[in-house]
Amino acid sequence: MITSAPDDGIPKQYLDAASPAELERYVLTPAVAAWPLEHWVQLRVLAVGRMQSSALSRETRLRWGHLALSAISGMARNQTPQETMANSARARAYMILEFGVSDCDAARDLPALCSEILRNLGVSLEAAERLAEDWRSTPRERMLRLRRIKNMLTPLLPLHALLKEGDPVFQEARAWMKLIPHLP
């Protein structure tokens, strides 16, 4: 039984639960479809915190990680695709570092993560390098675009050692990562 109306935020019994099971089911109900951004942010913060809790089992932490990704998807209608990608990349990079690469878990599929980031950059590497040369004197909108690129790429930095030589997606991601220090 839900103890509060959907527009009151996440019901307290779900916020206090150590297990994500009931909250996972609740997030799949129509009640959350109309949630404002603040509720999705609340869920993301809760889920990321629990995903990072070493007091919980590996399986439970992974489930919280998937809930964090659900919250990030819920936030998407209020963000640019690049903001959503950056949020997702941070959560997924943490999951990969903490729980390992997996081709059975889409959240921990490193080649897929790199491909998704590269697809969302919206500009060629050469164009981004040109834009980055004088970013301090560029219009605000262009500066924000470069910042979003940096926000999407930065989660890959701790994964650098996992980006195997020879894989074209990993090679392209490595090339882009060299640009990070030159971005705002």
Side-chain angles (χ1 to χ4, degrees), residues 35-49 51-52 61-62 64-184:
W35 267 6
L37 177 62
E38 296 78 25
H39 294 14
W40 290 113
V41 171
Q42 180 184 22
L43 176 59
R44 187 201 63 194
V45 170
L46 171 72
V48 166
M51 170 183 69
Q52 296 174 346
R61 292 174 66 201
L62 275 167
W64 281 111
H66 285 277
L67 262 174
L69 293 172
S70 294
I72 291 165
S73 292
M75 294 166 53
R77 73 174 186 264
N78 297 298
Q79 298 179 321
T80 67
Q82 293 79 19
E83 289 170 314
T84 300
M85 184 72 248
N87 285 326
S88 176
R90 281 191 294 277
R92 291 171 67 186
Y94 178 86
M95 292 171 75
I96 290 168
L97 279 172
E98 193 70 17
F99 309 114
V101 175
S102 172
D103 55 0
C104 299
D105 179 358
R108 296 183 294 135
D109 184 333
L110 184 55
L113 174 59
C114 289
S115 293
E116 289 171 40
I117 290 171
L118 294 171
R119 243 189 339 269
N120 277 282
L121 295 173
V123 64
S124 71
L125 178 57
E126 295 76 21
E129 288 170 335
R130 281 191 307 276
L131 292 170
E133 286 175 5
D134 64 342
W135 70 261
R136 285 173 181 81
S137 61
T138 193
R140 182 179 185 276
E141 199 51 47
R142 189 178 305 162
M143 199 180 301
L144 284 173
R145 183 177 188 190
L146 290 170
R147 185 62 181 184
R148 287 184 183 125
I149 289 171
K150 183 176 186 175
N151 289 344
M152 287 185 281
L153 293 170
T154 299
L156 293 177
L157 288 174
L159 303 173
H160 191 269
L162 299 174
L163 302 177
K164 298 179 181 105
E165 297 293 331
D167 185 310
V169 171
F170 291 166
Q171 286 178 338
E172 187 177 357
R174 282 176 181 268
W176 273 97
M177 290 165 55
K178 289 177 186 173
L179 184 62
I180 291 173
H182 307 288
L183 295 171

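This chain uses plain numbering: 1 for the first residue, then up along the sequence. For the numbers below, each heavy atom of this structure counts, side chains included, while hydrogens, waters and symmetry mates do not.
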**Message:** Is it the case that the side chain of Arg108 and the backbone of Gly100 share a donor-acceptor pair, with hydrogens and angles ignored and the cut-off at 3.5 Å?
**Reply:** yes
**Any residue meeting side-chain contact (heavy atoms from CB on, under 4.5 Å) with Thr80, in chain and number order, not counting sequence neighbours** = Gln82, Glu83, Arg148
**Prompt:** Any chance CZ of Arg140 has more than 12 other-residue heavy atoms, nucleotides or ligands included, within less than 6.0 Å?
**Reply:** no
**Message:** If I compare all heavy atoms of Leu97 with all of Pro158, which pair ends up nearest, and what's the gap?
**Reply:** CD1-CB, 3.4 Å
Enumerate, atom names and distances included, each donor-acceptor pair closer than 3.5 Å involving a side-chain atom of residues 165-184, sequence neighbours excluded.
unit_1: Asp167; atom_1: OD1; unit_2: Val169; atom_2: N; d: 2.9
unit_1: Asp167; atom_1: OD1; unit_2: Phe170; atom_2: N; d: 3.4
unit_1: Arg174; atom_1: NE; unit_2: Leu163; atom_2: O; d: 3.1
unit_1: Arg174; atom_1: NH1; unit_2: His160; atom_2: NE2; d: 3.2
unit_1: Arg174; atom_1: NH2; unit_2: His160; atom_2: O; d: 3.3
unit_1: Arg174; atom_1: NH2; unit_2: Leu163; atom_2: O; d: 2.4

**Request:** Work out which heavy atom in Val48 is nearest to a heavy atom in Ala68; give both atom names and the distance.
**Result:** CG2-CB, 3.8 Å
**Asked** What's the spacing between Arg44 CZ and Ser88 OG if we round to 0.5 Å?
**Response** 11.5 Å
**Item:** Interatomic distance, Met75 atom CE to Glu38 atom CD [nearest 0.5 angstrom]
**Value:** 10.0 Å
**Request:** Tell me, with the steps shown, if Leu46 and Leu67 meet side-chain contact (heavy atoms from CB on, under 4.5 Å).
**Result:** CA-CA 9 Å; Leu46 171 72; Leu67 262 174; over 6 Å; no
**Prompt:** How far apart are the closest heavy atoms of Trp64 and Met51, and which atoms are they?
**Reply:** CB-N, 3.7 Å
**Message:** Checking the side chain of Arg92 only, and the main-chain atoms of Ala106 only, is there a donor and an acceptor separated by less than 3.5 Å?
**Reply:** yes
**Request:** Any chance you could measure Leu110, atom CG, to Ser102, atom OG, to the nearest 0.5 Å?
**Result:** 11.5 Å
**Asked** Does Arg145 use its side chain to pair, donor to acceptor, with the backbone of Gly122 at less than 3.5 Å?
**Response** yes
**Request:** Hey, could you give me the CD1/CG distance between Ile72 and Leu43, rounded to the nearest 0.5 Å?
**Result:** 9.5 Å
**Prompt:** Do any N or O atoms from the side chain of Ser115 and from the backbone of Pro111 form a donor-acceptor pair under 3.5 angstrom?
**Reply:** yes
**Message:** Distance check, rounded to the nearest 0.5 Å: Trp40 atom CH2 versus Asn78 atom CG?
**Reply:** 11.0 Å
**Prompt:** Any idea which heavy atoms bring Leu131 and Leu146 closest together, and the distance?
**Reply:** O-CD1, 3.7 Å
**Item:** Closest approach of Asn120 to Met85 (non-hydrogen atoms, all atoms of both residues)
**Value:** ND2-SD, 3.5 Å
**Asked** In Å and rounded to the nearest 0.5 Å, what is the CD1 to CG distance from Ile149 to Leu144?
**Response** 11.5 Å
**Asked** Looking only at atom types and distance, does a side-chain atom of Thr138 sit under 3.5 Å from a main-chain N or O of Asp134, one as donor and one as acceptor?
**Response** no
**Message:** I need the minimum non-hydrogen distance between Met143 and Arg136, along with the two atoms involved.
**Reply:** CE-O, 4.2 Å
**Message:** Here's a test for you: under side chain to side chain contact (heavy atoms under 4.5 Å, CB included), which of Leu159, Leu113, Leu162 qualifies with Val101?
**Reply:** Leu162
